[in-house]
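Report on the following structure.
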Amino acid sequence: MSMPTPSNHRLPQAPPVPPGENTEASPPRTETSSVLERLKAAQPKAPVSAGDEKPRTTTAAPPAAGPAATAGPTAPAGAAPSTTRTPNQTQDDQAQAREKARAAELRAARAEKLKAASAAASAWAAKSGRQTAAWTATTSRSAAANVRSWRADQVRRNLVTLTVIGALVGTASVAGFFGGTEIWTSELLRPDLTLVSPSLNSLYIWALIGLGLIAYTVHQWLPGQADSPRHRRLGWVVIAALLLNLALALTIQAELYAPSLMVHGVLLVLLLVSLRWLNRWSAATRLEGTLVDVPLGLFLGWTGFTALSHTAAFLSLEGFSWLTENEFAWALAGLGVVVVMGSAVCSMDRGRIAVALALVWGLGWIIVERLIGEPQSLPTAAATALAVFLVLITAGSRRHRVDHSYRRALRRHQTANLPPIDLADDDDDEYEYDDDHHDGEEVHGGPARA
């Protein structure tokens, strides 16, 4: 027996087919599945608040046993799957978007900072390049302007200093202060070889000459002497003279007498050239004359004296009979040459007293050796003493004449601006009158005036 169906209740129709769905491709539906779907579609839905909204999901029909389950409705072909996001996922997406925006802003700020730093570095590099170029140009111009004065003078002063030190050390080594063969034992320096050979004690003058050369080296380093034309011309001559003197000592030590005689002659010529520069540029102060002119004058005077003894010793060692037969006559001839040449040199400028003193030093040791040494010769000692007197009187008289002329010129200069003396005024001043007490009477003893 079947239940009757109410007339006012009708089952809903089948759900409409979604647009675009291919109905032809849909599988055939059974009657049972159609009824169930219509019942689910007709079921009322409870209202859902905005806060309690749950994601909508597509619920598939529960699988049914048998072939009916496989024959259920399927999604239309080509349709995108339906997705619904929760509020938490939305907030995460917004936070990620904000983080990305902040990261983009930071990258943009860093790019701006890097761009500004690059621009500042480029500007600084350009400015520094201009300053460096300007400084380089200025320095180059200054160096080019001073290359002939400062650099040449600096090189010359350094070379003079090194040469003086090296020459003094080398001479001390040749003299035997550091061991080895001593120059004192050379045959050329024997005091008994000729009548004009001095004592070996005469060589101690090199201590005074060495101190003087050190003083000369110090003086050329003074600030006011950096570009002095006197030192600029004199320094190179002094360097060559010191090197030649060291070569002379080495050749004498090695007993190379002929080469030593030639070196001695060149050295004497160079020292005479240095005297020419000293006379051309006179010393500006007394200190300069003491530190420069005196050492070089001693050097020149001693070299001139040893030229005499060196030549006589060389000829004696070579065995020239004419020298040994008339030894006293040749000694007088040699002393005469020394007196003439020495007097000529000492008569230059204001009188070269230092040259005269060096000559007197060497001649004095000849006198000592001829009086108490071997060979003794009283006539030679007397002739040498006369030579000493002539050299001293020549240098002294030259100095006296120059000083006297200087004093007269100074006196003329001082009295040139004085007013002339009127002798007539002295006669008028002999008489004075006192009109108040001695009217008409002479005051100074002369006759009264009307």
Side-chain angles (χ1 to χ4, degrees), residues 191 193-206 208-209 212 264-265 267-269 271-276 278-279 282 289-290 293-316 323 326-373 375-407:
L193 194 59
T194 64
L195 290 179
V196 292
S197 297
S199 172
L200 290 177
N201 293 328
S202 61
L203 296 177
Y204 284 109
I205 194 177
W206 273 109
L208 187 59
I209 296 175
H264 206 145
L267 175 60
L268 183 59
V269 172
L271 290 175
L272 289 174
V273 172
S274 70
L275 182 64
R276 176 177 178 270
L278 291 177
N279 293 332
S282 300
T290 304
D293 293 25
V294 171
L296 295 179
L298 291 174
F299 195 3
L300 173 59
W302 178 250
T303 304
F305 168 76
T306 53
L308 167 65
S309 59
H310 193 170
T311 304
F314 172 76
L315 295 177
S316 178
L323 179 63
N326 301 312
E327 191 172 2
F328 177 70
W330 288 110
L332 289 180
L335 291 174
V337 172
V338 169
V339 169
V340 172
M341 297 298 295
S343 300
V345 171
C346 293
S347 298
M348 296 181 180
D349 199 56
R350 294 183 64 243
R352 294 294 173 181
I353 299 296
V355 177
L357 291 178
L359 290 174
V360 168
W361 173 268
L363 294 173
W365 285 108
I366 290 179
I367 297 174
V368 172
E369 194 65 28
R370 298 290 75 81
L371 291 178
I372 62 175
Q376 292 184 357
S377 176
L378 185 59
T380 303
T384 307
L386 179 60
V388 168
F389 173 77
L390 293 176
V391 170
L392 286 178
I393 200 64
T394 302
S397 63
R398 174 64 179 178
R399 177 64 62 91
H400 175 73
R401 289 196 305 271
V402 171
D403 291 344
H404 184 63
S405 300
Y406 174 76
R407 286 193 295 268

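Relative orientation of the Trp361 and Trp365 rings is perpendicular, given thresholds of 30° and 60° on the angle between their planes. Ring orientation note: the planes of His264 and His310 are tilted relative to one another, at an angle of 30° to 60°.
One finds the OG1 atom of Thr306 at 8.0 Å from the CG atom of Leu267 (value rounded to the nearest 0.5 Å). To the nearest 0.5 Å, atoms CD1 (Ile366) and CG (Leu371) are separated by 11.5 Å. Between the OG1 atom in Thr380 and the CG atom in Leu195 there is a gap of 4.5 Å [rounded to 0.5 Å]. Note that CG of Leu268 and CG of Leu300 are 6.5 Å apart. Values are rounded to the nearest 0.5 Å. In this structure, Leu335 CG and Leu386 CG are separated by 9.5 Å, a value rounded to the nearest 0.5 Å. Distance check: Leu357 CG to Cys346 SG gives 8.5 Å after rounding to the nearest 0.5 Å.
Looking only at side-chain heavy atoms (C-beta outward), Leu278 and Met348 stay at 4.5 Å or farther from each other. Side-chain contact check for Leu208 versus Leu298: some heavy-atom pair is nearer than 4.5 Å. In this structure, the side chains of Val337 and Leu308 stay at 4.5 Å or more apart for every pair of heavy atoms. Proximity of Leu359 to Val339: side-chain heavy atoms (C-beta onward) are nowhere separated by under 4.5 Å.
Contact record, Val196 with Ser309: O-CB, 3.7 Å, taken as the closest heavy-atom pair. In terms of heavy atoms, Thr311 sits closest to Ala307 at OG1-O, 2.7 Å. Across every non-hydrogen atom of Ser197 and Arg370, the tightest pair is O-NH1, 3.1 Å. In terms of heavy atoms, Leu390 sits closest to Thr394 at O-OG1, 2.7 Å. Shortest non-hydrogen contact noted between Thr194 and Glu327 is CA-OE2, 3.6 Å. What you find for Thr303 and Phe299 is that their closest heavy atoms are OG1-O, 2.7 Å.
A side-chain donor-acceptor contact under 3.5 Å links Ser274 to the backbone of Leu271. No donor-acceptor pair closer than 3.5 Å links the side chain of Ser343 to the backbone N or O of Val340.
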